[in-house]
Amino acid sequence: MKRTLITSALPYANGYLHLGHISGAYLPADMYARFLRISGENVLYVCGSDEHGVAINISAEKEKVSPQTIIDKYHNANKEAFEKFGMSFNIYSRTSLPEHHETAREFFGDALKNGYLIEKEEEQFYDTQANMFLPDRYVEGICPNCGSDKARGDQCDSCGAYYNQTELKNPISIISGKTPVVRKTTHWYYRFDKFQQFLEDYISSNESSWKDNVIQQTRSWLKAGMAERAITRDLSWGVSIDSIDGIDKEKAKGKVIYVWFDAVLGYITATKIWSKANNQNWELWWRDSETDYVAFIGKDNIVFHTIIFPAILKGAGNYILPKNVPANEFLNLEGQKFSKSRNWSIDLKDYFEDFKDGQFVDILRYTLAMNFPETKDSDFTWKDFQARANNELAAIYGNFVNRTLQFLHKSFEGKVPELSDRYKNLFVDWKNLIDNYSSEEVKSKFSEIYGENLLNLILSLHKGIEATSADYRKFKLRDALLDTMNIARASNKYFNDEEPWKSFKSDKDKAALTLNVCCQIVRSLSLLFAPILPFTSEKINDILGYKQTTGFPSDSSDVNYWAEASYPKLPENHFIKQPQILFNRIEDELIQNQISKLGDKTQQEPTPVEESNLISIEDFQKISLKTAKVISAEKMPKSKKLLKLQIQIGNETRQILAGVAEYYQPEYLIGKIIVVVANLKPAKLMGEESNGMMLAASIDGKLCFVSPEKDDIQDNAIVK
RNA sequence: GGCGAGGUAGCUCAGGUGGUUAGAGCGUCGGAUUCAUAACCCGAAGGUCAGGGGUUCAAUUCCCCUCCUCGCUACCA
């Protein structure tokens with residue numbers, strides 16, 4: 001039997017999930033998983049928290065707690081948010097579990113055995129205060145190539161040069177602010193270069209079914225050529241490689257597996273844990289050719305799932321590879337990127353706090369899905385959220401359900417109307433019509449009895465279902481939703497065209513038919529909307545008194561209920577409860593509140609500044625400001641204003657001229673920490689060279705130099 | 001800097017191996033209706049498909065350049 005394994009990128013347990021994450025890798029996967037389950041397929045949907053990596057160390061240090069505290073906090077918060085959001089994971093696991101450490105170590109050991117790991121000794125910066133080796137991102141210094149002082153460990157942002165970390169001049173640990181020392185360390189490199197041909201073949205074989213952006217991005221990497229990459233780090237937090245067979249004990253000390261090797265394996269661990277709990281063999285999901293593996297991710301994660309992970313799996317041997325990697329692009333918020341630091345974000349947990357009523361979960365799911373960044377970055381706006389909720393969910397779907405059930409209770413005592421003799425064969429004729437809808441004869445015969453309106457409705461329903469099914473399988477989830485909503489539109493049209501409020505007086509049998517049909521359609525819509533509106537579907541099913549799946553793992557089966565949505569199911573005289581409003585209209589005020597929360601202070605109207613006076617951050621970064629210690633100071637001969645200063649920046653001494661003689665005695669300045677523009681073009685003033693500029697604040701004839709507020713900061717600190 | 005993606009109606013987005021009238025939803029305007037959450041249904045208006053150049057009988061679609069946005073490169077979907 002065919003199985004589908006579905007994964008969503010493991011969220012990093014160092015922050016809260018926001019709407020961007022949800023729209024990228026989680027909601028699409030959930031819709032897909034629910035759709036397949038409703039269609040009677042065997043689905044395993046796994047996810048979990050990614051809980052290793054240096055960023056978690058750093059957060060822990062910053063908050064002065066253990067890494068475990070950090071990951072517990074975010075793992076629990078994100079897990080809870082997912083639950084409230086209706087994610088239908090079979091399991092939501094985490095990579096800090098012992099089972100995962102085992103899995104990761106096993107992969108590491110196998111890679112070693114299979115000759116895909118290579119040991120290399122190298123020199124790396126070590127922060128003696130923080131007691132740790134410094135990954136590239138955590139060292140800054142002066143670029144050996146262009147002299148920019150914003151260069152990172154292994155690459156310079158301003159000139160783009162690559163170099164060895166140890167070539168960096170004046171390196172500073174961004175953790176402690178101290179100068180790191182160089183120490184020798186051993187790391188293990190994965191031989192990705194051995195998989196070049198294999199990966200090229202793999203990508204080519206999927207060319208036709210994968211999204212274009214995924215293929216292109218992957219190709220671009222392959223074109224550059226695969227290289228060995230280190231898969232270990234010197235860190236205290238992560239999966240230790242201690243006492244793995246074939247590894248020197250001493251060398252393995254303090255080494256952990258690099259997160260991007262470890263994180264993707266979390267999918268496998270989660271599967272193992274789930275399988276154990278459910279008495280299944282996990283290998284069915286990862287080693288059986290009857291299993292299709294689909295990995296949902298955001299665009300930043302593409303190569304990890306199209307190159308790195310496949311290479312790891314191949315290196316371990318006997319694993320299936322992703323059959324598809326339907327990566328989404330990114331979601332923007334009101335025209336700008338999500339940014340936690342600028343408070344330009346909507347965290348899932350905050351949304352739940354502000355929108356407590358259950359219907360808002362589905363409203364969010366719907367509005368996000370209608371605007372998935374499937375082919376390019378898309379934009380979430382609160383106005384759009386309101387418009388879709390009011391004009392589509394409430395006005396079309398909600399209204400159809402409501403008008404049907406209201407009418408049913410007003411005119412038919414809340415029971416699915418009995419069909420008169422003329423319409424007695426409805427269920428049989430309905431099915432016959434679907435089975436033979438290309439036959440003009442069948443159609444005209446059906447139309448003769450039941451009317452053209454019903455003919456059109458059933459065809460819209462059936463063709464709509466086929467369209468949605470195809471959409472889901474092609475990962476065109478926005479289209480799937482649109483096609484679903486179009487069925488609701490057709491339903492409203494049917495109700496309108498039939499005018500049961502009139503026929504109830506003139507032709508009661510016809511009105512009974514119309515309402516009977518509308519009840520059937522409500523039941524179908526409840527099923528078809530379940531992947532995106534699971535809570536609403538549950539509510540409707542309850543009102544209908546008709547139990548049916550919403551694609552949650554617990555009500556999986558091998559029946560293709562999706563296809564069965566084409567047919568009527570509710571028997572005559574079946575009692576239906578009083579309707580309730582499914583989606584309340586969202587008022588402007590609610591939306592305004594949300595908009596004004598964005599960006600906090602920056603929300604205030606920015607003071608208009610002449611645009612030509614504004615500089616970009618890049619402009620500012622061109623200026624290198626540093627603290628310096630004044631070693632000596634003397635008056636410039638024949639000058640009223642200038643002092644000649646010798647200053648020290650780190651181990652460098654240089655001379656600068658400062659126009660502060662009218663305000664400071666030279667002796668006073670000696671030993672003081674000042675701020676200088678370190679990369680000012682040297683200039684000659686009165687025959688003396690000045691290599692920089694001392695910063696001073698002045699107003700109304702007063703002047704004083706700028707200095708760090710505490711003596712903690714001595715010379716050679718970056719000012720920004 | 002290098003590589004990749006994108007710039008299409010007022011808004012959010014589809015589409016396009018070059019060929020008569022470029023699509024959807026929403027918004028706007030008009031009509032019809034009252035069972036229903038001032039909802040539904042019908043109809044209309046709206047686009048030199050970022051800008052410039054080139055190839056061609058023909059370009060929004062192919063090529064080049066420019067501008068803008070984004071991702072990767074560098075473990076945040």
Side-chain angles (χ1 to χ4, degrees), chain A residues 8-9 11-12 14-15 17-28 50 52-55 135-137 152-162 212-213 215-221 223-224 233 258-263 296-304 308 327-332 335 337-338 340 370-381 383-384 387-388 390-392 394-396 398-408 410-411 476 478-479 482 485-486 489 491-502 504 511 514-515 518 579 581-585:
Chain A
S8 288
Y12 200 45
N14 192 34
L17 289 159
H18 60 62
L19 264 40
H21 300 117
I22 298 300
S23 134
Y26 303 101
L27 184 53
D50 170 10
H52 296 137
V54 71
D136 296 331
R137 282 176 56 189
R152 298 208 208 171
D154 61 340
Q155 191 192 5
C156 173
D157 279 342
S158 36
C159 73
Y162 285 91
D212 202 48
N213 57 341
I215 292 285
Q216 295 303 343
Q217 178 78 222
T218 307
R219 279 261 156 80
S220 130
W221 257 55
K223 227 170 100 187
R233 295 279 121 153
Y258 197 24
V259 272
W260 57 250
F261 186 87
D262 141 23
F296 284 85
I297 53 167
K299 69 170 156 181
D300 55 331
N301 235 328
I302 288 174
V303 291
F304 286 98
I308 307 257
N328 266 350
E329 303 279 314
F330 279 2
L331 183 73
N332 286 327
K337 286 204 278 187
F338 275 77
K340 299 256 175 173
M370 272 305 223
N371 205 13
F372 275 153
E374 284 178 354
T375 57
K376 60 182 169 195
D377 290 358
S378 67
D379 199 22
F380 178 92
T381 65
K383 266 191 72 184
D384 182 67
R388 289 203 185 274
N390 290 349
N391 305 331
E392 296 175 31
I396 296 169
N399 180 44
F400 173 70
V401 174
N402 190 244
R403 72 200 296 199
T404 296
L405 301 190
Q406 291 282 3
F407 199 96
L408 195 73
K410 208 174 276 181
S411 308
K476 296 194 156 197
R478 268 198 331 224
D479 286 348
L482 188 68
M485 192 52 92
N486 280 339
R489 290 194 169 95
S491 313
N492 269 318
K493 178 171 169 54
Y494 172 73
F495 199 109
N496 252 58
D497 294 348
E498 288 284 287
E499 302 182 306
W501 57 93
K502 282 184 186 165
F504 187 72
T514 303
L515 264 293
C518 286
I581 296 294
L582 297 176
F583 306 103
N584 293 99
R585 287 183 60 82

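A note on names: the letters A, B, ... follow the listed sequences, proteins ahead of strands, and every chain is numbered from 1. The structure displayed is predicted, hence computed values, not measured ones.
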A:Lys337 side-chain N/O to B:G71 phosphate OP1/OP2 under 4.0 Å
yes
Under 3.5 Å, is there a donor on one side chain and an acceptor on the other for A:Arg489 and A:Asn486?
yes
Please report the distance separating the P of B:G23 from the corresponding atom of B:G43, rounded so that it comes out in whole Å.
16 Å
What's A:Glu392 touching, base or sugar-phosphate or nothing? Going by heavy atoms closer than 4.0 Å.
sugar-phosphate
Using O4'-C1'-N9-C4 for purines and O4'-C1'-N1-C2 for pyrimidines, with syn meaning within 90° of 0, is B:G15 syn or anti?
anti
Taking only side-chain nitrogens and oxygens of A:Lys493, does any of them come within less than 4.0 Å of OP1 or OP2 of B:C42?
yes
Would you mind reading off the distance between A:Leu331 atom CG and B:U12 atom P, rounded to a whole angstrom?
13 Å
Over all strands shown, is A:Phe338 touching base, sugar-phosphate only, or nothing at heavy-atom distances under 4.0 angstrom?
nothing
Between B:U17 and B:G6, how far apart are the P atoms? Round to whole Å, please.
14 Å
Separation of atom CZ in A:Phe583 from atom C1' in B:C40, rounded to whole Å:
16 Å
Output yes when at least one side-chain N/O atom of A:Arg585 is less than 4.0 Å from OP1 or OP2 of B:A39, else no.
yes
Could you work out which one of B:A39, B:G25, B:C72 sits closest to the side chain of A:Arg489?
B:G25
Proximal nucleotide (of B:A24, B:U37, B:C35) relative to the A:Asn496 side chain:
B:C35
Using atom P in both nucleotides, what's the gap between B:A9 and B:C65 to the nearest angstrom?
25 Å
Per-residue pairing states of RNA chain B in dot-bracket (Watson-Crick or G-U under 3.5 Å; . unpaired, | other strand) read (((((((..((((.....[...)))).((((.........)))).....(((((..]....))))))))))))....
Any side-chain N or O of A:Lys410 less than 4.0 Å from the OP1 or OP2 oxygen of B:A36?
yes
For A:Lys376 and B:C70, is the shortest distance between a side-chain N/O and OP1 or OP2 below 4.0 Å?
no
Sugar-phosphate, base or nothing in reach of A:Leu482, heavy atoms under 4.0 Å:
sugar-phosphate
Same-atom distance (P) from B:U12 to B:G52, integer angstrom:
23 Å
Rounded to whole angstrom units, what separation is found between the CG atom of A:Asn213 and the P atom of B:G6?
8 Å
Using the C1' atoms only, state how far B:G51 lies from B:C72, rounded to an integer number of Å.
27 Å
When the C1' atoms of B:A44 and B:G71 are compared, how many Å lie between them, rounded to an integer?
41 Å
